[in-house]
There are 2 protein chains.
Amino acid sequence: MSIHSIPVGPAPFPLAPPSYLCGGVDKVRLVSLATALPLAERDAMEPLSRRVALDQRQSLYGQDEPAVSVFNVTSGALSLYRLLPDGRRQVTGFAFPGDFLGLSMLDRFAVSADALGPVTACRFERLAFMDLLRGQPSLMMHLHEIMGHELSRAKDMMMLLGRRTADERIATFLLGLRERYVRIGRSSVTLELPMGRLDIADHLGLTIETVSRTFARLDRDHCILIVPGGVRLVDHDRLARMSAH
Amino acid sequence: MSIHSIPVGPAPFPLAPPSYLCGGVDKVRLVSLATALPLAERDAMEPLSRRVALDQRQSLYGQDEPAVSVFNVTSGALSLYRLLPDGRRQVTGFAFPGDFLGLSMLDRFAVSADALGPVTACRFERLAFMDLLRGQPSLMMHLHEIMGHELSRAKDMMMLLGRRTADERIATFLLGLRERYVRIGRSSVTLELPMGRLDIADHLGLTIETVSRTFARLDRDHCILIVPGGVRLVDHDRLARMSAH
DNA sequence: CGGAGGATTGATGCTGTTCAAGCGTAGTGG
DNA sequence: CCACTACGCTTGAACAGCATCAATCCTCCG
């Protein structure tokens with residue numbers, strides 16, 4: 001059986017941005033390229049930023065906390081989630097290098113953000129950031145566009161959670177994750193899963209058991225191959241058909 | 001038994017904006033107040049707008065169509081939804097007077113928008129609208145804020161679809177709708193439901209039968225009272241407890 | 001009066017949950 | 001070096017909530 005548990009320590013393939021996204025140690029490019037912002041706009045933002053580092057399980061911010069900052073992830077991955085009073089959890093998404101957090105810039109954070117492993121990010125003071133935006137309409141437009149895509153993905157999630165079967169959810173999740181890795185230049189044969197089964201379950205509206213069983217079945221059917229720290233997507237076409245897009 | 005079917009014709013209480021939102025017939029205020037935009041910003045927008053009227057079931061736009069326009073609803077209600085190739089549908093939300101549609105301003109619409117009854121809206125040519133925004137950072141900020149709230153509601157929906165029971169979904173839906181009516185100045189004892197059971201089901205990730213049964217049970221328990229065209233919220237507290245917020 | 005469309009209601013079944021072990025690997029301390 | 005523990009993952013059996021299938025009802029309207 002090719003099923004192995006996923007190590008909880010630092011991921012075997014740490015989610016660091018590709019080296020070309022960073023300058024030297026003393027001239028670090030804090031704002032990641034992955035968001036595809038023009039160089040001039042990133043340069044305008046960088047003076048405002050402060051570096052943050054988190055260990056696994058540390059929280060970057062909590063839901064409903066006053067949103068004093070906006071963040072841009074530079075390495076690692078985070079889970080974004082909401083809790084119900086009785087403990088039920090919905091992971092609304094995962095953040096990867098290049099992603100902005102708190103972009104809606106409301107007074108309070110809409111979700112909590114926890115590090116899935118070691119994470120680095122840059123922090124911007126929200127009000128200063130908003131002042132910067134007021135003077136830079138094109139940057140503002142870019143961020144607005146990013147939010148538009150986030151909203152579109154949110155609608156994908158609604159469809160997934162409201163209308164798709166467990167198999168379809170898992171297939172869609174895996175392909176979507178691969179897609180994201182490709183876009184940030186981290187495509188690879190093996191799809192890393194920096195999040196645990198529980199995070200996946202809480203993201204897809206399933207239980208941990210259903211996620212585990214579905215993974216196991218896909219592995220038996222040679223659709224995927226479960227490896228330490230992630231999965232290998234073996235039969236991409238079948239997954240695509242399963243995801244029912 | 002207090003269950004009656006809901007008429008399909010023009011709603012008995014048509015969703016028109018309160019009269020004070022409109023000027024006379026010749027000096028119509030096209031952009032609704034409900035979005036709480038400052039007067040100056042609405043005045044800047046109005047010259048760009050053209051009036052649109054839709055009958056029941058007519059489509060304002062379809063998913064993936066090139067988004068040449070942005071809209072602001074002035075009267076009536078619409079369902080916003082996505083379809084899967086096999087016909088499964090997810091209603092991502094409903095639009096009411098004052099709501100903006102297509103605000104993310106991507107090249108294509110993320111959802112389809114169908115009129116639930118007679119609808120009027122104002123249409124803005126998207127590129128002209130974006131030009132206007134570039135010159136009006138504060139208007140841009142306002143729209144960004146509106147999108148932030150939309151994103152927050154999207155996350156509420158994810159929690160609802162992923163983690164709530166049928167009862168909780170229905171209760172949350174009813175209270176949320178009342179909340180929205182209050183905010184646009186249309187609060188009333190009776191909660192109008194301009195959408196059909198199928199729309200509600202497709203919104204909440206349930207079947208039409210489950211929606212109908214849950215409504216019937218809430219009615220039997222004197223939590224709500226089903227009336228033609230909507231429901232009356234009788235036991236607000238119990239609903240609030242049921243919604244498990 | 002009769003048809004159409006939506007809503008309701010009942011019987012039955014399936015998908016995914018719940019509950020309960022058991023497994024595998026990493027980390028720890030004797 | 002090898003128990004021993006902890007933690008996450010897997011697996012199995014029984015159950016439940018919601019879906020599915022199939023009538024039937026109600027109201028509007030021609």
Side-chain angles (χ1 to χ4, degrees), chain A residues 1-12 56-57 79 86-89 116-117 160-170 193-220 224-231 242 244, chain B residues 1-12 56-57 79 86-89 116-117 160-170 193-220 224-231 242 244:
Chain A
M1 172 53 98
S2 57
I3 294 177
H4 310 273
S5 75
I6 289 176
V8 289
Q56 184 173 32
R57 283 159 197 283
S79 63
D86 62 4
R88 282 176 287 178
R89 189 174 75 135
L116 292 169
L160 181 144
L161 293 168
R163 286 297 177 228
R164 290 176 126 100
T165 64
D167 287 3
E168 291 169 351
R169 295 182 197 199
I170 297 283
L193 296 177
M195 68 293 286
R197 295 291 189 267
L198 186 58
D199 295 308
I200 298 175
D202 285 345
H203 183 48
L204 301 180
L206 300 169
T207 58
I208 189 174
E209 292 95 336
T210 300
V211 171
S212 187
R213 271 188 260 269
T214 306
F215 271 32
R217 185 154 28 77
L218 289 176
D219 182 300
R220 272 197 301 278
I224 66 174
L225 182 69
I226 300 177
V227 297
V231 298
M242 273 185 60
Chain B
M1 172 53 93
S2 56
I3 295 178
H4 312 272
S5 77
I6 289 177
V8 290
Q56 185 173 32
R57 285 160 194 281
S79 63
D86 62 6
R88 281 177 288 178
R89 189 174 75 134
L116 293 169
L160 182 144
L161 294 168
R163 286 298 179 227
R164 290 177 127 102
T165 65
D167 287 3
E168 291 169 351
R169 294 182 199 200
I170 296 283
L193 296 176
M195 66 296 285
R197 295 289 188 266
L198 186 57
D199 295 309
I200 298 176
D202 285 345
H203 183 48
L204 301 180
L206 300 171
T207 59
I208 190 172
E209 292 95 334
T210 300
V211 171
S212 188
R213 272 187 258 268
T214 306
F215 271 31
R217 187 156 25 79
L218 290 176
D219 183 300
R220 272 197 302 279
I224 66 175
L225 183 69
I226 299 176
V227 297
V231 299
M242 272 185 61

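What you see below is based on every heavy atom in this structure, not just the backbone, and it leaves out hydrogens, waters and symmetry mates. Note that the coordinates shown come from a computational prediction; the quantities given were computed from them, not determined experimentally. Lettering of chains follows the sequences in order, A, B, ..., and the numbering in each one begins at 1.
Here A:Arg197 reaches the OP1 or OP2 of D:dT10: one of its side-chain N or O atoms lies under 4.0 Å away. Considering only side-chain N and O atoms, A:Thr210 lies under 4.0 angstrom from the phosphate OP1 or OP2 of C:dT17. For D:dC9, the OP1/OP2 oxygens have no side-chain nitrogen or oxygen of A:Ser212 closer than 4.0 Å.
Rounding to whole angstrom units, CZ of residue B:Arg169 and P of D:dC18 are separated by 7 Å. Spacing between atom CG of A:Leu218 and atom P of D:dT11 amounts to 13 Å, rounded to whole angstrom units. Between A:Arg88 atom CZ and C:dT18 atom C1' there is a gap of 15 Å when expressed in whole angstrom units. Distance A:Glu168 CD to C:dG16 P: 9 Å, rounded to the nearest Å. Summarising the geometry, the separation between CG on A:Leu160 and C1' on C:dG16 is reported as 15 Å, rounded to the nearest angstrom. Across the protein-nucleic acid pair, A:Arg217 atom CZ and C:dT15 atom P stand 10 Å apart, rounded to whole Å.
Looking only at side-chain heavy atoms (C-beta outward), B:His203 and B:Ile200 stay at 4.5 Å or farther from each other. Side-chain atoms of A:Asp202 and A:Arg88, non-hydrogen and from C-beta on, never get closer than 4.5 Å to each other.
Proximity note for A:Glu209 (side chain, C-beta onward) versus C:dG16, D:dG8, C:dC19: the nearest is C:dC19. Picking from D:dT20, C:dG16, C:dC19 the nucleotide with the shortest atom distance to the side chain of B:Thr207 gives D:dT20. Distance from the side chain of B:Leu206 is smallest to D:dC18 among D:dC18, D:dG8, D:dT20. Nearest to the side-chain atoms of A:Ile226 among the listed nucleotides D:dT10, C:dT9, D:dC18 stands D:dT10.
Judged by distance alone with a 3.5 Å cut-off, no donor-acceptor contact links the side chain of B:Arg220 to the base of C:dT8. Taking 3.5 Å as the limit, the base of D:dG12 and the side chain of A:Arg213 contain a donor-acceptor pair of atoms between them.
When all heavy atoms of A:Phe215 and A:Ile224 are compared, the pair lying nearest together is O-CD1, 3.8 Å. Nearest heavy-atom pair across A:Ile226 and A:Arg197 is CG2-NH2, 4.1 Å. Taking all atoms of both residues into account, the shortest heavy-atom contact from A:Ala201 to B:Arg163 is O-NH2, 3.2 Å.
Nearest-nucleotide mapping onto DNA chain D: of A:Arg163 and A:Val211, the residue sitting toward the 5' end is A:Val211.
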